[in-house]
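Reading through the structure tokens given below for one structure.
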Amino acid sequence: MTDQHLLAMHHSEVQVSVELETPDVTLNLGPQHPSTHGVLRLIAKVDGEVINEVEPVIGYMHRGYEKLAEVRTYPQIVALVSRIDWVSGYASEVPLMVAVERLMDIVPPDRAQYIRLVLTEMARISSHLVFLSSYPLELGAPTPLMHALRERERILDLIEMVTGGRFHPNFNRVGGVKPAAGAGSNQKKVVQDLPEGFLGQTLAAIQDVVGVCDDMEDLVLGNEIFLERTKGVGIIPVDKALAYGVSGPNLRASGVRFDIRKTDDYLPYDGFDFDIPAGENGDCFDRYWVRLQEIREASKIIRQAVETMPSGDLQAKVPRIIKVPKGEVYVRAENPKGEMGYHVVSEGGRGPYRLKIRSASFSNLSVLPWLLKGQLVPDIIAILGSLDFVLGDVDR
Amino acid sequence: MALRVSKVPGIGLMKGMWLTLRTLFKRPVTINYPKEKEIPVPRARGVIALDTEACTVCMLCARECPDWCIYIEGHKELQPPSKPGGRPRSRATLDRFDIDYALCMYCGICVEVCPFDALFWSPEYEYSEGSISAMLHDKERLTDWLATVPAPPPLEKN
């Protein structure tokens, strides 16, 4: 609006005949915003209620893990990588260890692989339960949070029971699993296997998790307000999803049945019976629905793994000082957020020469400027929350 | 994509109210923290206890620590020979063993690499401080934690 227009308005209070033009307003969301899951800043150019352009500003949580890894040994890096995506810390450790084991030609024993698999699926359940509960919260429904986090706490307690850590287990070692947590004198003479009662409590816990999934479906998925805010909002078509490198549940919500658990062999998933849920429209509702179904599938995997848990050693024979032969390998895994990959380049030392981390949330977030263009301002939070990213995973 | 959603009006409300009713008569899962405390599992990584008698000042823990938060100093002492006429033996003595819990990331690598079983995890967690410098626990304070180390949990059948 120019000064002449203002003058015209001032002089003629009765009727304004000039056509009003509103310039784009820059709207800053964040970095401190409760619904951005961390420190994400969005610079949105809005015209009224319509978003013309969005620029996500990331990097507030950059901790430089790739560089930190270069000056540390492999056992030390395991303690770092669980902090990349802290909602599912255990799942980030496994692909790194698989990468190191592939370089060293070590195959972990069956029992170790099964324990890894059970805990990875538990991490998936705990991550998805956070999404299932916090997403309705962002849309204004605080009740589901209480129900979902109650069951998530049980899953975390079980992870703590085995590993000693709730969020940062640091449970994987090259060649198998070995808790750093010990208790009692002469603890090294005691095998740090699964504690008594773990398998039984796991079966009971996942039964309750499936129960809370039913409750969430009753509470949330039929809710008219929820349907209005998510159906047909934030649609990612398949071609755009593939072009931006969207992976994990976000990709499956668009209708692509692609799951690294089925295609790769970083953990023995091929012996298990589970489905890959996929959405149809790729909107916010489908992303919610896919994650809800994935909890059910993860519960199926855990049940099968617990019932067929093999006996045996927990760790393969590894040298006392781990030196990885020269070479490079890329191992990717289906993390709760999507594809998580580690590219380990070894020069033959005790630590990596270079460690490239491909984290899922970064690529999932990259679709945001395209996705938010032309949407309405109130839908920002609905779309942002449905992508389910963790800023630690974006910035690393 | 089959949903458990009924087309009959009012069913959703009934289901929600039924969930409320069920939850109403359940005992709360939260605890009233400072008055009640939950007992951590034996493997919980709360604080590191030190057995000074077992420590031989080998520095393995300080070297393997990912963020180098363990500070160790020691010196060699000459012990009298075990047999008369024998050689005097030197023994490493611990002067300083500090863990900076403000830096520690509770990974447990030090406990794992200790070759003489001098470090243990204790599930104690109530040692927050108002000042960051008070998070540096010295040898005496780390030894005090030793009494809180629990017995290892019984294991699942392998």
Side-chain angles (χ1 to χ4, degrees), chain A residues 68 72-73 75-80 82-83 111 143 146-147 150 153-154 157 160-166 168 170 173 178-199 214-215 217-219 221-224 277-280 286 289 309 311-312 314, chain B residues 1-7 11-16 18-20 22-23 26 28-30 38 40-46 49 51 54 63-68 105-123 146 148-158:
Chain A
L68 287 175
R72 276 164 176 79
T73 61
Q76 291 176 338
I77 303 170
V78 186
L80 290 182
S82 63
R83 282 154 173 84
R111 190 176 173 85
T143 313
M146 309 295 168
H147 294 284
R150 182 187 65 217
E153 203 57 31
R154 290 185 62 181
D157 282 349
E160 187 184 23
M161 191 174 163
V162 183
T163 65
R166 284 155 53 83
H168 308 304
N170 190 21
R173 297 293 173 275
K178 182 183 181 190
S185 57
N186 297 324
Q187 48 135 339
K188 271 152 207 122
K189 281 122 199 147
V190 181
V191 185
Q192 298 278 311
D193 206 334
L194 296 175
E196 194 178 56
F198 171 76
L199 298 179
D214 293 345
D215 287 345
E217 209 160 327
D218 291 342
L219 279 180
L221 286 190
N223 186 309
E224 210 157 295
E280 287 158 3
D286 281 9
W289 182 84
M309 177 71 74
S311 57
L314 290 176
Chain B
M1 237 174 107
L3 290 179
R4 287 163 40 101
V5 175
S6 168
K7 292 280 173 220
I11 287 285
L13 186 69
M14 297 267 286
K15 279 181 177 169
W18 171 238
L19 180 62
T20 312
R22 263 187 331 186
T23 328
K26 276 188 187 162
V29 288
T30 50
E38 66 178 5
V41 288
R43 282 183 186 174
R45 301 202 291 264
D51 183 0
R63 265 191 299 174
E64 292 295 324
C65 178
D67 42 13
W68 304 290
M105 49 184 215
Y106 299 87
C107 63
I109 289 177
C110 52
V111 179
E112 201 186 318
V113 298
C114 180
F116 299 103
D117 277 0
L119 292 171
F120 303 99
W121 274 114
S122 155
L146 208 57
T148 63
V149 175
L155 298 178
E156 193 80 56
K157 194 164 67 50
N158 185 340

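Model, not experiment: these values are computed from the prediction.
Here CD1 of Ile109(B) is found 9.5 Å from CZ of Arg72(A). Values are rounded to the nearest 0.5 Å.
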Determine whether Asn170(A) and Met105(B) satisfy the following criterion, side-chain contact (heavy atoms from CB on, under 4.5 Å), listing intermediate values before the conclusion.
CA-CA 11 Å; Asn170(A) 190 21; Met105(B) 49 184 215; over 6 Å; no
Go through Arg154(A) and Val29(B) one step at a time and tell me if the side-chain contact (heavy atoms from CB on, under 4.5 Å) criterion holds.
CA-CA 10 Å; Arg154(A) 290 185 62 181; Val29(B) 288; over 6 Å; no
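For the set Asp157(A), Val78(A), Thr73(A), Leu194(A), the count of heavy-atom pairs under 4.5 angstrom toward chain B peaks at Leu194(A). Here Leu199(A) is the residue among Leu68(A), Thr143(A), Leu80(A), Leu199(A) with the most heavy-atom pairs under 4.5 Å with chain B.
Of all heavy-atom pairs between Glu160(A) and Ala44(B), the closest is OE2-CB, 3.6 Å. What you find for Gln76(A) and Arg63(B) is that their closest heavy atoms are NE2-O, 3.8 Å.
The side-chain contact (heavy atoms from CB on, under 4.5 Å) check on Pro195(A) picks up Met161(A), Val162(A), Phe198(A), Arg43(B), Pro153(B), with sequence neighbours excluded. Take Leu219(A) and apply the side-chain contact (heavy atoms from CB on, under 4.5 Å) test, not counting sequence neighbours, and it matches His147(A), Leu19(B).
Checked by atom type and distance alone, the side chain of Arg45(B) pairs as donor or acceptor with a backbone atom of Thr163(A) at under 3.5 Å.
Contacts of Arg166(A) with chain B are absent, with no heavy-atom separation under 4.5 Å from either backbone or side chain. For Thr30(B), no part lies under 4.5 angstrom from a heavy atom of chain A. Only the side chain of Arg22(B) comes within contact range of chain A, with at least one heavy atom under 4.5 Å from a heavy atom of that chain.
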